[in-house]
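Written below as structure tokens is the structure these notes are about.
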Amino acid sequence: MTAKRRHIPQYGTVEINGHTYYRTIITNAEGNRVPLYAKTREELYDKEMEALERNDNSALRRKSPTVAEYCEKWLLLQSVHVRKTTLTDYTSKVRRHIISELGDMRMADVTLDDIQVALVPVSKKSVSVYKSVIILYKSIFRAAKESRIIDNNPTIYLSAKGGGVPQKDKTALTDEQVKMLLDTVKGLPPYVFVMLGLYAGLRREEILALQWDSVYLDADAPYLTVRRAWHTENNRPVVLTELKTKAAERNIPLPDCLAECLREAKAISQSEYVVANSEGQPLSYTQFRQLWKYIVTRTAKPRTYRVYKDNKVVHDENGKPVKRTIYPKMGEKAAHNGNVVYSLDFDVTPHQLRHTYITNLIAASVDPKTVQYLAGHESSKITMDIYAKVKYNRPEELVQTMDNAFAQWETV
């Protein structure tokens, strides 16, 4: 079968420097009339088709929304499907890591190289942050492709492998460190928070959302129920009854020491919240940092301060602020506050309290499924990763276990 012949127009001709050329005029994407020339009709026809295709692509790019416009639309669409806390996380990462880098570009103009350059600052964040931003990029551009906003998806070959800074392994507090910490904060505002982290394993957002109606101190076996979560928006606290996962909603038995601590706290509380600010309301992010500062200021570690005189920062001859480093010693009183005694020789984070709780459950031979439930882990993999590190990182115990496992071979 012969190929179908193309219908090529009868172009006009012009003489240029003694040579005859076929000529036509097209209107480009900017509305300007542009002449095209060629020695043959076929060549001119190909040029005309290429130019018209470029015009179409250019027009498509002009119609394409900017990255900022489409990302905001995408976030609005997600608000129907995801929890408020998840949407808050999405919004923060999209605006901070995508819109801030590529926001003025048209969606149709974004290339894989553009995205990889935009990801350079994110690569200095943790592995989990880097991976979540990659997922957001892929989700946004896939949705744009499915909605025919763009013809090509630049994220097809985008990978999260090797990106981000690996986090250090979480370490639990030792028994001695737990005792030092509790002795240090006893009678101070963060005491109840610390007790709930160490003896109930609650996350920070669960502790700061905990209300007395979820604490059952008069039950035969006292317990508390996790049913709310705290987060902040523009430094203002927001307490939601919708938790991040179904596994987060759980009942946690209270050890005697924690039950007694909560009874004492409830007797003097004038708030519906277990941990509250001076007005009985949940803490803002800034107020939580102030709460945790009671612990940080009692840590015997070097710290650098700016030097002040008459309530003004002192500057050197180069105009730079003068700084002074102090090296606290255990048992000393802070020079600026005689009520503060340096009594901790280790750093501690809110999440470390929870990790210590989980570690102690495993060390006490609580079965993994129970640990998973009490910790509120949605995935058993999270629990088992911690379980393996705690349970099987004891060479002296493993030696005996291995001896017992192969004892019968000795008689063969």
Side-chain angles (χ1 to χ4, degrees), residues 124-132 164-186 188 190-208 226 244 247-248 252 255 257-258 261 288-289 291-303 327-331 342-399 401:
K124 297 171 183 168
K125 305 290 184 182
S126 68
V127 171
S128 61
V129 169
Y130 186 84
K131 183 177 180 180
S132 62
V165 179
Q167 291 179 308
K168 296 180 180 178
D169 286 341
K170 299 182 181 71
T171 57
L173 298 176
T174 65
D175 293 345
E176 182 181 355
Q177 288 174 331
V178 168
K179 185 178 185 306
M180 289 175 66
L181 176 60
L182 292 177
D183 287 344
T184 294
V185 298
K186 180 73 172 178
L188 296 177
Y191 181 68
V192 173
F193 183 101
V194 170
M195 288 290 288
L196 284 165
L198 286 173
Y199 291 102
L202 300 189
R203 301 175 176 93
R204 180 183 65 173
E205 59 267 27
E206 295 168 346
I207 296 175
L208 297 181
V226 178
K244 191 170 184 178
I252 301 176
C257 61
L258 179 55
C261 168
F288 173 73
R289 291 193 63 175
L291 180 77
W292 200 253
K293 194 175 286 187
Y294 280 93
I295 296 174
V296 176
T297 56
R298 287 163 172 78
T299 303
K301 64 178 182 179
R303 58 200 72 190
Y327 299 88
K329 294 181 180 179
M330 289 287 287
Y342 299 118
S343 51
L344 298 174
D345 59 2
F346 56 92
D347 290 323
V348 58
T349 65
H351 186 78
Q352 206 168 7
L353 306 178
R354 168 177 164 81
H355 188 68
T356 301
Y357 170 83
I358 295 170
T359 299
N360 285 342
L361 291 178
I362 295 169
S365 298
V366 177
D367 69 274
K369 290 304 291 183
T370 301
V371 175
Q372 180 182 347
Y373 171 79
L374 293 174
H377 287 157
E378 185 175 34
S379 168
S380 59
K381 182 181 183 303
I382 301 172
T383 311
M384 292 308 298
D385 284 348
I386 302 173
Y387 189 91
K389 289 177 182 177
V390 174
K391 197 71 174 175
Y392 305 124
N393 193 25
R394 300 178 180 180
E396 68 284 355
E397 294 184 10
L398 285 178
V399 168
T401 302

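Counting begins at 1 with the first residue of the sequence.
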- Taken to the nearest 0.5 Å, the spacing of Lys369 NZ from Ser380 OG works out to 5.5 Å

- Item | Closest non-hydrogen atom pair between Gly164 and Tyr130, with its separation | N-CG, 3.8 Å

- On a heavy-atom basis, the closest approach of His355 and Thr171 is CD2-C, 3.7 Å

- What heavy-atom pair brings Leu182 and Tyr199 nearest, and what distance separates the two atoms? CD1-OH, 3.9 Å

- Item | Full working for side chain to side chain contact (heavy atoms under 4.5 Å, CB included) between Tyr191 and Val185 | CA-CA 5 Å; Tyr191 181 68; Val185 298; 3.7 Å; yes

- Message: Counting neighbours of OH on Tyr373 that are heavy atoms of other residues, nucleotides or ligands and sit closer than 6.0 Å, is the number greater than 12?
- Response: yes

- Message: Is the ring pair Trp292/Phe193 parallel, tilted or perpendicular, if the boundaries are 30 and 60 degrees?
- Response: perpendicular

- Note on the structure: Scanning both residues in full, the closest heavy-atom pair of Ile358 with Ala375 reads CD1-CB, 3.8 Å

- Decide, yes or no, whether a salt bridge links Lys179 with Asp183 under the criterion of side-chain N to carboxylate O below 4.0 Å. yes

- Task: Tell me, please, which residues at least two apart from Lys329 pass salt bridge (Lys or Arg N to Asp or Glu O under 4.0 Å).
- Result: none

- Before giving the answer on side chain to side chain contact (heavy atoms under 4.5 Å, CB included), spell out for Ser126 and Val165 the whole-Å C-alpha distance, their side-chain angles and the decisive distance to 0.1 Å. CA-CA 5 Å; Ser126 68; Val165 179; 5.8 Å; no

- Task: Not counting sequence neighbours, which residues clear side chain to side chain contact (heavy atoms under 4.5 Å, CB included) with Phe346? List them please.
- Result: Leu173, Gln177, Met180, Leu181, Leu344, Val348

- Note on the structure: Interatomic distance, CZ@Arg354 vs CG@Leu196, rounded to 0.5 Å, equals 13.0 Å

- Query: Counting N and O atoms only, with roles assigned by atom type, does the side chain of Thr370 sit under 3.5 Å from a partner on the main chain of Val366, one being a donor and the other an acceptor?
  - Reply: no

- Note on the structure: Nearest heavy-atom approach of Met195 to Cys257 is CE-O, 3.7 Å

- Spacing of CG belonging to Leu188 relative to OH belonging to Tyr294, to within rounding of 0.5 Å: 7.0 Å

- Query: Looking at CG of Asn360 and CG of Asp175, how far apart are the two atoms once the value is rounded to the nearest 0.5 Å?
  - Reply: 6.5 Å

- Per the salt bridge (Lys or Arg N to Asp or Glu O under 4.0 Å) rule, which among Lys301, Arg298, Arg303 passes with Asp347? Lys301

- Item | Rounded distance (nearest 0.5 Å) linking atom NZ of Lys125 with atom OG of Ser132 | 11.5 Å

- Message: Working to the nearest 0.5 angstrom, can you tell me the gap between Phe288 CZ and Leu208 CG?
- Response: 6.0 Å

- Query: So do Asp345 and Thr299 actually touch side chain to side chain, heavy atoms under 4.5 Å?
  - Reply: no

- Looking only at non-hydrogen atoms, find the nearest pair between Gly197 and Ile207 and report the distance. N-CD1, 3.8 Å

